[in-house]
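All ligand and atom numbering here is 1-based and tracks the order in the structure.
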Amino acid sequence: MSDKKEIAETLSGCTEKIFYDEPMSQHTSLKVGGNASALIVVENEDRLIQIIRRLREAEIAYLPVGNLTNVIVRDGGYQGVILLMSGLNKIEYQQIPGSGHFIYAEAGASLARVVGISDESGLTGLEFCAGIPGSVGGAVWMNAGAFGREMKDVIAEVSLLTDCGRKVTLPKDEISFCYRRAVLPEKAIILNARLKAEKGEQGRIKEKIREIMELRRKKHPLAYPSAGSVFKNLPGLPAGRLIEEIGLKGKSIGDAEVSPQHANFIVNKGNATASDILTLIDFIQSKAREERGVNLETEVVIIGEDQCRRN
Ligand SMILES: Cc1cc2nc3c(=O)[nH]c(=O)nc-3n(C[C@H](O)[C@H](O)[C@H](O)COP(=O)(O)OP(=O)(O)OC[C@H]3O[C@@H](n4cnc5c(N)ncnc54)[C@H](O)[C@@H]3O)c2cc1C
């Protein structure tokens, strides 16, 4: 159990950017979720190292997050400290003689900026990130991907803070990747990544980004809050198609709805709670099991407590 007083005492003097009992519904892209005991906007690496050391010593739970576009926080909230990495947002084009062209980005930088800077610098290879609303740290952790490419195809190296406060840099070949997950040391915090790109032709790069954004606007229900694809695709069968085939497009519980536009998206039509969304997820999984004998695994990360806390 970590309450405000314990966290305040533990982190005394570490940061001013700390918000207690912070409603996560104001931060998640789905606009749901109870309160976090505390949320810290991480300002720089030195402060982060100090914060982690103190939280570890006090055995207070913590979780690094980027833009919270792939996280569902349960209605009972998160008992611990959410570390919002948005203050670590430096990003630059690097040309390294003999090695090639890279975008170096800190974990809190948005993928939108990665795409923007690679476009401005005439670099190709990162266009697939266009329209993914996450941060670099979240995208690396999730091995985010679209249109046949994933982060693993572009990562050159990743720097981490291990849970004992040590900084390490792992080259790509020391990291395993699987479907929507990079296998990194438990509790590691991604600090930055160097992404590989190639010199390209500016007109073509712009055109590719435009096409991708156009496809996303057509395919995705962007008018409502969502967390993108909820379920992992099955081998040879996109989860959205399966959900459509078992008749659940448009199915709703409270204000949570299986998008009529793209069945792997659950949208918040206004006042959905995390519980509405999670009940809908359970319902879809049960129906997929009963009717097709398959297990639909969630791609979204689910955190927090079910019941409202009583302090
Ligand atoms: C409209 C929409 C479209 C989307 N389209 C796609 C798509 O095409 N492809 C795709 O793959 N995803 C897609 N997503 C999902 C999401 O945007 C991606 O998974 C994205 O990479 C998550 O980044 P984030 O910064 O929001 O991570 P968060 O949601 O904040 O976190 C996700 C996970 O990463 C961990 N994490 C975040 N930052 C760090 C860090 N610095 N160190 C360690 N762990 C960290 C968190 O603890 C959590 O477990 C979409 C989402 C939406 C809403």
Which protein non-hydrogen atom lies closest to [atom], naming both residue and atom, and how far is it?
atom                    : result
atom 13 (C) of ligand 1 : Ile132 CG2, 3.8 Å
atom 28 (P) of ligand 1 : Leu68 N, 3.6 Å
atom 25 (O) of ligand 1 : Ser135 OG, 2.6 Å
atom 1 (C) of ligand 1  : Leu222 CD2, 3.8 Å
atom 34 (O) of ligand 1 : Trp141 CD1, 3.3 Å
atom 3 (C) of ligand 1  : Pro133 CD, 3.7 Å
atom 5 (N) of ligand 1  : Arg216 NH1, 3.4 Å
atom 26 (O) of ligand 1 : Thr69 OG1, 2.6 Å

Is [X] touching ligand 1 with its side chain, its backbone, both, or neither, if touching means heavy atoms under 4.0 Å apart?
X      : value
Ser229 : neither
Leu63  : side chain
Val301 : side chain

On a heavy-atom basis, I'd like to know which of [options] is closest to [atom].
atom                    : options                        : answer
atom 27 (O) of ligand 1 : Gly138, Gly131, Ala146, Ala188 : Gly138
atom 43 (C) of ligand 1 : Ala139, Pro64, Ser29           : Pro64
atom 23 (O) of ligand 1 : Gly108, Ser110, Ala227, Gly134 : Gly134
atom 7 (C) of ligand 1  : Gly145, Gly228, Ala144         : Gly145

Can an N or O of [X] be found at a distance shorter than 3.5 Å from an N or O of ligand 1?
X      : value
Asn70  : yes
Phe265 : no
Gly66  : yes
Ile190 : yes
Ser226 : no
His220 : no
Asn67  : yes
Ile189 : no

Relative to the heavy atoms of [X], which atoms of ligand 1 are at a distance of less than 4.0 Å?
X      : result
Val71  : 28 (P), 29 (O), 31 (O), 32 (C)
Val65  : 30 (O), 37 (C), 38 (N)
Ala107 : 41 (N)
Arg180 : 11 (O)
Met85  : 41 (N)

Spacing of [atom1] belonging to [X] relative to [atom2] belonging to [Y], to within rounding of 0.5 Å:
X      : Y      : atom1 : atom2 : answer
Cys129 : Glu150 : SG    : CD    : 11.0 Å
Asn67  : Leu84  : CG    : CG    : 8.0 Å
Ile103 : Lys196 : CD1   : NZ    : 11.5 Å
Ile277 : Lys31  : CD1   : NZ    : 12.0 Å
Leu234 : Tyr179 : CG    : OH    : 8.5 Å

In terms of heavy-atom contacts, Gly165 and Ile49 come closest through O-CG2, 4.5 Å
Which residue in the set Glu43, Gln50, Glu45 passes side chain to side chain donor-acceptor pair (under 3.5 Å) when paired with Arg47?
Glu43
Can you list the steps and then say if Ser135 with Ser110 is a side chain to side chain donor-acceptor pair (under 3.5 Å)?
CA-CA 4 Å; Ser135 66; Ser110 68; over 6 Å; no
Lys187 to Tyr62, cation-pi by 6.0 Å centre distance and 45° axis angle
yes
Are a donor atom and an acceptor atom from the side chains of Thr273 and Asp276 found within less than 3.5 Å of each other?
yes
Does one side chain, of Glu22 or His27, offer a donor that lies under 3.5 Å from an acceptor on the other?
yes
Take atom [atom1] in [X]; do more than 12 heavy atoms of anything else shown fall under 6.0 Å from it?
X      : atom1 : value
Lys17  : NZ    : no
Arg204 : CZ    : no
Glu186 : CD    : no

Looking at side-chain heavy atoms only, is the closest gap between Leu55 and Val81 below 4.5 Å?
yes
Is the shortest heavy-atom distance from the side chain of Glu211 to the side chain of Leu215 under 4.5 Å?
no
